[in-house]
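Below: one structure, written as structure tokens.
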Amino acid sequence: MFRRGTILRKIRILTLVLCMAVSVLGAAAGASAEEKAKSTGNTAAADLAPNARSAILMDAGTGTIIYEKNSHDKLPPASITKIMTMLLTVEALDEGRLQLTDMVRTSEYAASMGGSQIFLEPGEEMSVDEMLKGIAMASGNDASVAMAEKIAGSESAFVDMMNSKAEELGLKDTHFANCNGLPAENHYSSAHDIAVISRELLKHERIIKYTGSYQDYLRKDTEKPFWLVNTNKLVRFYTGADGLKTGYTSEAKFCLSATASRDGLRAVAVVLGEPNTKTRNSEVSGMFDYLFSQYKVHTIYKPGDAIGTLKIEKGVKKELPITAKETYSVLLKKGVTQEGIRNEVVLQKDIKAPVAADQSIGKLVVYQGTNVIKEYELKAGEAVPKAGFWKLFKRTAGSLFTID
């Protein structure tokens with residue numbers, strides 16, 4: 001009996017020990033899975049920019065963030081500031097408020113800018129086209145101020161436009177004090193916000209003509225031609241690179257917002273606070289290599305593709321076709337099939353005229369299995385005025401006598 005009781009006690013103790021061991025191992029496995037879930041998409045990319053103070057890698061097409069490091073830290077952006085200056089300039093061009101052939105006069109204030117410049121003289125005039133070259137390729141502080149004064153009347157008014165645009169884009173880490181990035185109090189941005197501004201700029205395809213050129217001339221047919229060489233050497237030495245903007249001050253260190261396109265993918269990589277140009281360019285190249293080697297794009301709709309039909313109450317038109325205004329796509333890891341990728345059009349209910357052009361009318365929801373992986377806002381392709389009383393009366397009367 002004694003031996004039997006001893007054996008039973010030992011079995012109970014052993015069972016208890018085994019249960020505790022299983023519990024501990026299970027908790028450890030659960031923690032590991034949680035950590036993996038938190039780091040999805042970033043594990044393999046953990047050391048992409050080890051020397052940068054802040055960095056981000058984004059797919060420009062979908063806005064998907066592939067990698068980030070201290071991406072919301074508020075830091076001096078140096079001449080990367082000029083991405084916003086270029087954005088407001090190309091917006092003015094696309095909206096017809098400005099023409100490439102318009103002449104821009106250089107004020108004494110603009111000509112007084114130090115740092116990177118194209119050596120504008122007070123009173124000197126250049127076309128908008130030439131000024132854009134000077135900003136995009138040579139990082140001209142003087143050209144940036146001259147352009148700001150042309151668009152807004154003064155640099156301070158233009159800076160107000162810059163901050164309004166930042167607010168419109170939903171940026172939380174950005175405040176501008178000038179249009180060129182020279183050191184100033186209360187002038188800061190983040191890698192995340194710069195990537196968003198860069199993505200917005202890339203929607204205006206004309207900018208690549210300037211940011212993607214390696215060399216050009218200003219004052220070409222004068223006695224003092226000025227040779228431009230792009231400060232972003234990746235446009236020459238990295239296949240597919242065609243922008244966007246470098247930056248340097250002693251406080252900001254070496255910065256770059258770069259873009260490259262390959263196999264239907266366009267990447268945006270931003271690094272801030274790099275120790276030198278060689279490291280900066282090497283780490284950005286590595287970020288590009290990672291995205292292009294590991295990811296692919298799956299296109300759902302191309303611009304102009306029919307998506308569906310919107311029913312409109314009391315409009316001059318009863319229905320409005322919905323077409324894709326841009327490329328709607330999702331980013332997938334290579335090796336992942338498109339099986340299970342589906343989309344659904346979710347329209348707002350009971351839309352009544354008048355409907356404005358570009359009015360939000362619903363969304364395109366993209367699923368992988370049961371998980372939502374992307375949403376795109378859908379907008380009306382044209383305005384639909386409200387129908388008059390007589391038209392509505394005839395429509396109603398006609399429906400009364402229609403026989404199915």
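Side-chain atoms of E251 and L75, non-hydrogen and from C-beta on, never get closer than 4.5 Å to each other. When side chains are defined from C-beta on, L228 counts as touching F226, because their heavy atoms get closer than 4.5 Å. Side-chain atoms of M137 and T231, non-hydrogen and from C-beta on, never get closer than 4.5 Å to each other. A 4.5 Å side-chain heavy-atom check between I135 and E130 finds every atom pair outside the cut-off. Side-chain atoms of L93 and R206, non-hydrogen and from C-beta on, do get closer than 4.5 Å to each other. Using a 4.5 Å cut-off on side-chain heavy atoms (C-beta onward), I312 and K317 make no contact. Within the 4.5 Å cutoff, no side-chain heavy atoms of L57 are placed close to those of V268.
Contact between S329 and T62 at its shortest, heavy atoms only, is O-CG2, 3.1 Å. The shortest non-hydrogen separation linking A184 to N178 is CB-ND2, 3.6 Å. For the pair S189 and I194, the tightest heavy-atom approach, listed with the atom from each and the gap, is OG-CG1, 3.6 Å.
Around NZ of K203, the count of heavy atoms belonging to other residues, nucleotides or ligands within 6.0 Å exceeds 12. Within a 6.0 Å radius of NZ in K349, no more than 12 heavy atoms belonging to other residues, nucleotides or ligands are found. Environment of CD in E108: sparse, with no more than 12 heavy atoms of neighbouring residues, nucleotides or ligands closer than 6.0 Å. Within a 6.0 Å sphere centred on CD of E205, other residues, nucleotides and ligands contribute 12 heavy atoms or fewer. Taking a 6.0 Å sphere around CD of E121, one finds it holds 12 or fewer heavy atoms contributed by other residues, nucleotides or ligands.
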*Begin with the C-alpha distance, continue with both residues' side-chain angles, and end with the deciding distance and a verdict on side-chain contact (heavy atoms from CB on, under 4.5 Å) for L272 and I80.*
CA-CA 10 Å; L272 303 178; I80 289 181; 4.0 Å; yes

*Run the side-chain contact (heavy atoms from CB on, under 4.5 Å) check on R53 and K253 step by step: do they pass?*
CA-CA 9 Å; R53 184 172 174 185; K253 303 303 180 187; over 6 Å; no

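With E200 contributing its side chain and I197 its backbone, the two residues share no donor-acceptor pair below 3.5 Å. The closest donor-acceptor contact from the side chain of T89 to the backbone of T85 lies under 3.5 Å. A donor-acceptor contact shorter than 3.5 Å links the side chain of R199 to the backbone of G61. Under the 3.5 Å distance criterion, the side-chain polar atoms of K314 are left unmatched by any main-chain donor or acceptor of P354. Judged purely by atom type and a 3.5 angstrom limit, T64 has no side-chain atom pairing as donor or acceptor with the backbone of D59.
Neither side chain, S213 nor D216, offers a donor N or O lying under 3.5 Å from an acceptor on the other. Under the 3.5 Å distance criterion, with hydrogens and angles disregarded, no donor-acceptor pair is assigned to the side chains of E319 and T309. Using modelled atom types, one finds a donor on one side chain and an acceptor on the other under 3.5 Å when comparing S198 with S257. With no hydrogens or angles considered, a side-chain donor-acceptor pair links D129 and Y210 at under 3.5 Å. Under 3.5 Å, the side chains of D193 and T174 contain a donor-acceptor pair of N or O atoms. Side-chain atoms of R266 and T259 form a donor-acceptor pair, as typed in the model, at a separation below 3.5 Å. Side-chain N/O atoms of D173 and S190 include a donor and acceptor closer than 3.5 Å. Side chains of T279 and E274: no donor on one and acceptor on the other come within 3.5 Å.
A salt bridge does not link K311 with D350: every distance from a Lys NZ or Arg NE/NH1/NH2 to an Asp or Glu carboxylate oxygen is 4.0 Å or more. With respect to D263 and K296, no salt bridge is recorded, no charged nitrogen being found less than 4.0 Å from a carboxylate O. Between E91 and K165, at least one side-chain nitrogen of the basic residue sits less than 4.0 Å from a carboxylate oxygen of the acidic one, meeting the salt-bridge criterion. A salt bridge is absent between E283 and K69; no separation between the charged side-chain nitrogens and carboxylate oxygens falls under 4.0 Å.
In terms of the ring-ring contact (aromatic ring centres under 6.0 Å, His included) criterion, residue partners of F288 (sequence neighbours excluded) are, by chain and number, Y238. Considering only residues two or more places apart in sequence or on other chains, E167 meets the side-chain hydrogen bond (donor to acceptor under 3.5 Å, both in side chains) condition with none of them. By the side-chain hydrogen bond (donor to acceptor under 3.5 Å, both in side chains) test, K82 is found to be paired with S79, S139, N141, residues two or more places apart in sequence or in another chain being considered. The side-chain hydrogen bond (donor to acceptor under 3.5 Å, both in side chains) test applied to K374 returns no partner, not counting sequence neighbours. Residues that satisfy the side chain to side chain contact (heavy atoms under 4.5 Å, CB included) test with Y301, not counting sequence neighbours, are D305, I307, A324, Y328, N343, L364.
If you run side-chain contact (heavy atoms from CB on, under 4.5 Å) between N232 and each of L244, T277, T246, D242, only T246 comes through.
With Y376 as the aromatic partner, K363 does not meet the cation-pi criteria of under 6.0 angstrom to the ring centre and within 45 degrees of the ring axis. Because its NZ or CZ atom is not both nearer than 6.0 Å to the ring centre of F254 and within 45° of the ring axis, R280 does not count as a cation-pi partner of that residue.
Taking CZ of R236 as the start and OG1 of T239 as the end, the distance is 13.0 Å to the nearest 0.5 Å. Atom CG of D142 is separated from atom OH of Y109 by 12.0 Å, given to the nearest 0.5 angstrom. Note that CG of N230 is 10.0 Å distant from CD of Q215, once rounded to the nearest 0.5 Å.
Sorted by first and then second residue, the ring-ring contact (aromatic ring centres under 6.0 Å, His included) pairs with a member in residues 176-201 read H72-H192, F176-H187; sequence neighbours excluded.
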